[in-house]
Amino acid sequence: MNKCTKITELLESSWQLEQQFMNEQPMEERENPGTLEKWSRKDVIAHIETWNERLAENIRKSLRGETLRRSEDFNAENKIIFETHQANSWHQVIGFAALAHQNLIDAVALLGDAGLERTDLLPWQSNQPIWRNIVGNAYSHALIHIGEHYREHGDLEMYISYLEKIALEPRGLDDSPAWQGTARYNLACAHALRGEIAKALEEFRDALRLNPGLTEWSREDPDLESLRGEPAYQALYET
C-alpha cells in the first residue's frame, strides 16, 4: 500500500472517530457551552478541524509559493479558535469540520506519494517529511484531544484505547527508530495506566532505546506514574 493511501485511511479513521465522538453526545446537551478551561465536545471538534484546515491551507500556499500562515503563540491562537466557534451551533461546527477534513484529504491527494516525502514545504518541518506533520496534526492530535475529553469525564478506559490507536495504527508508516520508539512509548503509557507494569516496562525500555529524545518528558509524564517506584524503571535513567 502506498503512503498516500495509508495516510488517507488514517485521516478517514480519525474523522470517523470524531463523528462517533459527536454522535454520542445526547441531543439535549449538544448546544451546552464549554469554557476555555473545559471544552465541550463541540469545542474539541472545532479546535481539531481548525488546525487541520490551516494545515491544508499552508500546504496549498506552499505549493503556490505564497506566504504561509504561521502561529507563534499557540495558547493565544487556541483561545481565538475557541472564541470564534463558541457561538456557532452544533450543525455549523459539524459543517465546518466536514469541509476542513475534506480539504486536508484533497491536500494529501494533491501532494501524492512523492510530495508527502518533501521536507521543504513548511519552515517548521525540522527536516522531516510533510507526511509526519499531517499524521501528527490530523491523526494523533485529534485522538489525543478526544481521548483527553473522555479522561476528564471519568472514562479512563476510553482514554487508554485512544493511546493504543495512536501507537498502533500509524506504526507501519515508518521503520525509523524514532518513529517506532514513539509508538512503543504510547503503548507503555497505555499499559501503565491499566496497571500492567511488566508490559509497560518492556515497552518503555524499548521506547527509550529507540528514541532517547523521549527521556526528559518521560520523567514528568503522568501516564507513567505507576512505574515510578519500580527499580527497573529507575535503572533506565541510571544507564
Side-chain angles (χ1 to χ4, degrees), residues 1-21 48-49 51-52 55-56 58-59 100-122 124-148 150 157-194 196 198-215 217-218 221 223-224:
M1 182 185 299
N2 60 40
K3 190 152 287 179
C4 187
T5 299
K6 177 60 177 175
I7 289 174
T8 299
E9 288 183 354
L10 280 175
L11 298 185
E12 294 294 4
S13 174
S14 66
W15 176 238
Q16 289 173 10
L17 291 169
E18 289 178 52
Q19 290 178 296
Q20 175 183 313
F21 176 68
I48 291 168
E49 292 299 339
W51 287 110
N52 287 354
L55 177 57
N58 276 334
I59 289 171
H101 164 72
Q102 188 58 52
N103 284 343
L104 189 55
I105 292 289
D106 292 344
V108 169
L110 183 63
L111 287 170
D113 285 338
L116 286 167
E117 299 295 343
R118 287 184 60 172
T119 61
D120 60 343
L121 287 173
L122 308 177
W124 50 89
Q125 280 181 248
S126 302
N127 205 36
Q128 299 296 320
I130 190 64
W131 69 259
R132 290 196 181 197
N133 293 74
I134 295 169
V135 172
N137 191 88
Y139 181 79
S140 300
H141 175 242
L143 269 60
I144 286 168
H145 275 295
I146 295 172
E148 287 288 355
Y150 282 117
E157 188 55 39
M158 281 295 286
Y159 172 69
I160 295 170
S161 75
Y162 274 77
L163 280 183
E164 290 174 330
K165 290 179 189 297
I166 293 168
L168 295 172
E169 290 194 14
R171 190 158 60 172
L173 284 169
D174 193 337
D175 291 332
S176 70
W179 189 260
Q180 295 300 314
T182 300
R184 301 296 285 270
Y185 183 89
N186 286 324
L187 280 178
C189 290
H191 289 312
L193 287 165
R194 285 203 180 100
E196 299 166 344
K199 290 182 179 179
L201 285 169
E202 179 181 357
E203 297 289 353
F204 184 60
R205 184 181 301 108
D206 287 341
L208 295 191
R209 174 179 57 81
L210 291 164
N211 190 350
L214 297 167
T215 302
W217 165 242
S218 71
D221 192 340
D223 289 349
L224 298 174

Locate the shortest heavy-atom distance separating [X] from [Y]; write the atom from each residue and the value.
{"X": "L116", "Y": "P129", "value": "O-CB, 3.6 Å"}
{"X": "A192", "Y": "A200", "value": "N-CB, 3.6 Å"}
{"X": "V135", "Y": "P170", "value": "CG1-CB, 4.2 Å"}
{"X": "E169", "Y": "K6", "value": "O-NZ, 3.4 Å"}
{"X": "S218", "Y": "L208", "value": "OG-CD2, 4.4 Å"}
{"X": "K165", "Y": "Y139", "value": "O-OH, 3.3 Å"}

Rounded at 0.5 Å granularity, tell me how far [atom1] in [X] sits from [atom2] in [Y].
{"X": "I130", "Y": "L122", "atom1": "CD1", "atom2": "CG", "answer": "4.0 Å"}
{"X": "H145", "Y": "S140", "atom1": "NE2", "atom2": "OG", "answer": "11.5 Å"}
{"X": "L201", "Y": "D206", "atom1": "CG", "atom2": "CG", "answer": "11.0 Å"}
{"X": "I144", "Y": "N186", "atom1": "CD1", "atom2": "CG", "answer": "7.5 Å"}
{"X": "Q125", "Y": "R118", "atom1": "CD", "atom2": "CZ", "answer": "8.5 Å"}
{"X": "L104", "Y": "E49", "atom1": "CG", "atom2": "CD", "answer": "8.0 Å"}

Side chain to side chain donor-acceptor pair (under 3.5 Å) with N127: which residues, sequence neighbours excluded?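 Partners of N127 by the side chain to side chain donor-acceptor pair (under 3.5 Å) criterion come out as none, since no residue qualifies.
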With under 30° as parallel and over 60° as perpendicular, where do the rings of Y150 and F21 fit, or are they tilted in between? perpendicular
Would you call the rings of Y185 and F204 parallel, tilted or perpendicular, where under 30° means parallel and over 60° means perpendicular? tilted
S13 side chain to E9 main-chain N or O, any donor-acceptor pair under 3.5 Å?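 It does not hold such a pair.
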Side chains of L111 and W131: closer than 4.5 Å at any heavy-atom pair?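 Heavy-atom side-chain distance check fails, nothing below 4.5 Å.
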Would you check if there is a donor-acceptor pair between the side chains of Y159 and D223 at a distance under 3.5 Å?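 Indeed, the side chains of D223 and Y159 share at least one donor-acceptor pair under 3.5 Å.
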E117: salt bridge (Lys or Arg N to Asp or Glu O under 4.0 Å) partners, not counting sequence neighbours: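 Listed in chain order: K3.
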